[in-house]
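Have a look at the structure below, then the notes.
Everything numeric here is computed off the predicted structure, so don't read it as measured data. Residue numbers count from 1 along this sequence.
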Amino acid sequence: MDKVMSNKKMIALYILPALLLIMVIVYIPIVLTGYYGLTEWNGIGKPKFLGMENYIELLGDGKFWGSAWHSLLLAIFSTLSLLIYLAVAMVLATKIKGANLFRKIYLIPMLLSSVAIAQLWLRMYHPSNGIVNSILESLGFADPPAWLSEPQLVLFALFIPILWQYAGFYILIYYAALKNIPTSIEEAAKIDGASTLQIAWRIKLPLTMEVIKVTIVLAVVGSLKYFDLIYVMTDGGPNGSSEVMASYMYRTAFRAYDFGYGSAIGFFLLVICLVVTWVIRKYTATKDPIEYS
């Protein structure tokens, strides 16, 4: 085995199938998207080369920047929600009664498709017989809002099911990271008189920081390119109040049949995600990562 692994030709031969697959599925579509963004094309016939016109138009497109602002708000809310997920994971990682049951309950949204979750919350938000307004009416609110029809509320109403959908995913990641911390460290802290809050803040949080950084990247990038649940629940409405970058790209390419401009939006979205990922990793990098003793 050592002889095979020291042979560079054999290593290249093993890597080649996976590399070709990645090229076909990932890199070639990215290059084609960037190229089509330089053209005027309705999806049929030969594209007309425009140069940088689509990208220049994109920089002055108010609808795009409005959708980018909505995506940014979702990214901010998703990042802040990680604090809640981490707190829940810390509770579940302790020896409390029913922890196994709660872990399974939190994972239920991960088993459902985005379309099923969207249909569920559409019924919950129904203005006349939805459970949300029924609860508000029982609490004394005479005229509860139509959550998905009011421009000032729709975006924040959508954030709730989105964050609920991925709660189990992040809680599971944090739970695994916390359970990976040696119990001897926590026991030594307890012997020294540390409280539960001090152990969480001074021991568990620093030891899971690398995992937290990864989840921040996942949450931010995932929010910037989020599409499916918003598309099913509101289709970007009312009047673009819940439009995000991915839904605006879809509307431009597959509704208006402007694949050139839609490709420019998609490629620009890719660039934004790469830049944001680089910034997060740069400013959260640690020279001396914490290691378990």
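Around CG of Asn129, the count of heavy atoms belonging to other residues, nucleotides or ligands within 6.0 Å exceeds 12. Around the CG atom of Leu80, the shell of radius 6.0 Å holds more than 12 heavy atoms that belong to other residues, nucleotides or ligands. At most 12 heavy atoms of other shown residues, nucleotides or ligands fall within 6.0 angstrom of atom CE in Met23.
With hydrogens and angles disregarded, no donor-acceptor distance shorter than 3.5 Å links the side chain of Ser247 to the backbone of Gly236. At least one donor-acceptor pair under 3.5 Å links the side chain of Tyr125 to the backbone N or O of Ala157. Asn42 places a side-chain N or O within 3.5 Å of a backbone atom of Ile44 that can act as its donor or acceptor partner. Remark: the backbone N or O of Val211 is not paired with any side-chain donor or acceptor of Thr208 at under 3.5 angstrom. Put simply, the side chain of Asn133 gets close to the backbone of Pro127: a donor and an acceptor are under 3.5 Å apart. A donor-acceptor pair is defined here as one N or O able to donate and one able to accept, closer than 3.5 Å; no such pair exists between the side chain of Arg103 and the backbone of Tyr175. The main-chain N or O of Glu40 is never found under 3.5 Å from a side-chain atom of Lys48 such that the two would form a donor-acceptor pair. A donor-acceptor pair under 3.5 Å is absent between the side-chain atoms of His70 and the main chain of Val244, judged by distance alone. Under the 3.5 Å distance criterion, the side-chain polar atoms of Gln198 are matched with a main-chain donor or acceptor of Ser195. A side-chain donor-acceptor contact under 3.5 Å links Ser71 to the backbone of Ser67.
Under the 4.5 Å side-chain contact rule for hydrophobic residues, Met52 and Phe49 share a cluster. Note on Leu83: it does not cluster hydrophobically with Ile280, by side-chain heavy-atom contacts below 4.5 Å among ILVMFWY residues. When the side chains of ILVMFWY residues are joined at heavy-atom separations under 4.5 Å, either directly or via intervening members, Val132 and Leu120 end up in a single hydrophobic cluster. With hydrophobic clusters built from ILVMFWY side chains whose heavy atoms lie under 4.5 angstrom apart, Trp201 shares a cluster with Ile185. In the hydrophobic clustering of this structure, Ile84 groups with Leu158; members are Ile, Leu, Val, Met, Phe, Trp, Tyr whose side-chain heavy atoms approach within less than 4.5 Å, directly or through other members.
For an aromatic pair to be called close, the ring centres must be under 6.0 Å apart, and Tyr85 with Tyr166 fails this.
In plain terms, the two heavy atoms of Ile203 and Ala189 that are nearest each other are CD1-CB, 3.3 Å. The heavy-atom pair separating Pro109 from Ile117 by the smallest distance is O-CD1, 3.6 Å. The nearest pair of heavy atoms linking Gly34 to Tyr55 is O-OH, 3.3 Å. Across all non-hydrogen atoms, the minimal contact from Ala264 to Leu58 is O-CD2, 3.9 Å. Taking both residues in full, the closest heavy atoms of Trp65 and Gly60 are given as NE1-N, 4.3 Å, listed atom of the first, atom of the second, then distance. In terms of heavy atoms, Ile272 sits closest to Met245 at CD1-SD, 4.0 Å.
Between Phe268 and Leu59 there is a side-chain heavy-atom pair separated by less than 4.5 Å. A 4.5 Å side-chain heavy-atom check between Val154 and Pro238 finds at least one atom pair inside the cut-off. No side-chain heavy atom of Leu50 sits less than 4.5 Å from a side-chain heavy atom of Leu38. Using a 4.5 Å heavy-atom threshold, the side chains of Ile199 and Met90 count as separate. Looking at Ile162 and Ile230, their side chains come closer than 4.5 Å, going by heavy atoms from C-beta outward.
Glu150 CD to Leu155 CG: the interatomic distance, rounded to the nearest 0.5 Å, is 13.5 Å. For the atom pair CG of Asn54 and CD1 of Ile265, the computed distance is 9.0 Å after rounding to the nearest 0.5 Å. Rounding to the nearest 0.5 Å places CG of Leu86 at 6.5 Å from CG of Leu205. In this structure, the separation between NZ on Lys63 and OG1 on Thr252 is 8.5 Å, given to the nearest 0.5 Å. In this structure, CG in Leu207 is found 10.0 Å from CD1 in Ile212, a value given to the nearest 0.5 Å. Taken to the nearest 0.5 Å, the CZ atom of Phe254 stands 7.5 Å off from the CE atom of Met249.
Ring orientation note: the planes of Phe156 and Phe159 are nearly perpendicular, at an angle over 60° on the 30°/60° scale. Between Tyr248 and Phe64, the ring planes are tilted. Angles from 30° to 60° get that label.
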Pairs under 3.5 angstrom only: tabulate donor-acceptor contacts from the side chains of residues 222-229 to other protein residues two or more places apart or in another chain.
unit_1 : atom_1 : unit_2 : atom_2 : d
Ser223 : OG     : Ser78  : OG     : 2.8
Ser223 : OG     : Ala219 : O      : 2.7
Tyr226 : OH     : Gln165 : OE1    : 2.8
Asp228 : OD2    : Ser114 : OG     : 2.9

TODO: Please report the C-alpha distance between Tyr36 and Phe267 in whole Å, then the side-chain angles of each, then the deciding distance to 0.1 Å, and finally whether the side-chain contact (heavy atoms from CB on, under 4.5 Å) criterion is met.
DONE: CA-CA 9 Å; Tyr36 288 133; Phe267 192 78; over 6 Å; no

TODO: Output, in order, the C-alpha distance, side-chain angles, deciding distance and verdict of side-chain contact (heavy atoms from CB on, under 4.5 Å) for Ile160 and Trp121.
DONE: CA-CA 9 Å; Ile160 296 175; Trp121 282 86; 3.7 Å; yes

Open item on the list: Does Phe102 form a side-chain contact (heavy atoms from CB on, under 4.5 Å) with Val88? I'd like the steps, not just the answer.
Closed with: CA-CA 10 Å; Phe102 283 113; Val88 173; over 6 Å; no

TODO: Under the side-chain contact (heavy atoms from CB on, under 4.5 Å) rule, what do Leu172 and Tyr106 come out as? Steps first, then yes or no, please.
DONE: CA-CA 9 Å; Leu172 183 63; Tyr106 288 127; over 6 Å; no

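Just one of Val221, Val220, Val217 meets the side chain to side chain contact (heavy atoms under 4.5 Å, CB included) condition when paired with Cys273; it is Val221. Screening Phe259, Tyr231, Tyr257 for a ring pair (Phe, Tyr, Trp, His ring centres under 6.0 Å) involving Tyr250 leaves a single residue, Tyr231.
Between the side chains of Tyr261 and Asp61, at least one donor-acceptor pair of N or O atoms lies under 3.5 Å. Of the N and O atoms on the side chains of Asp258 and Trp41, not one donor lies less than 3.5 Å from an acceptor on the other residue.
The residues Glu187 and Lys190 are annotated as not salt-bridged, no charged nitrogen and carboxylate oxygen being separated by less than 4.0 angstrom.
Note on residues 266-281: no pairs pass side chain to side chain donor-acceptor pair (under 3.5 Å), not counting sequence neighbours.
Clustering of Ile, Leu, Val, Met, Phe, Trp and Tyr by side-chain heavy atoms under 4.5 Å joins Leu16 with Leu20.
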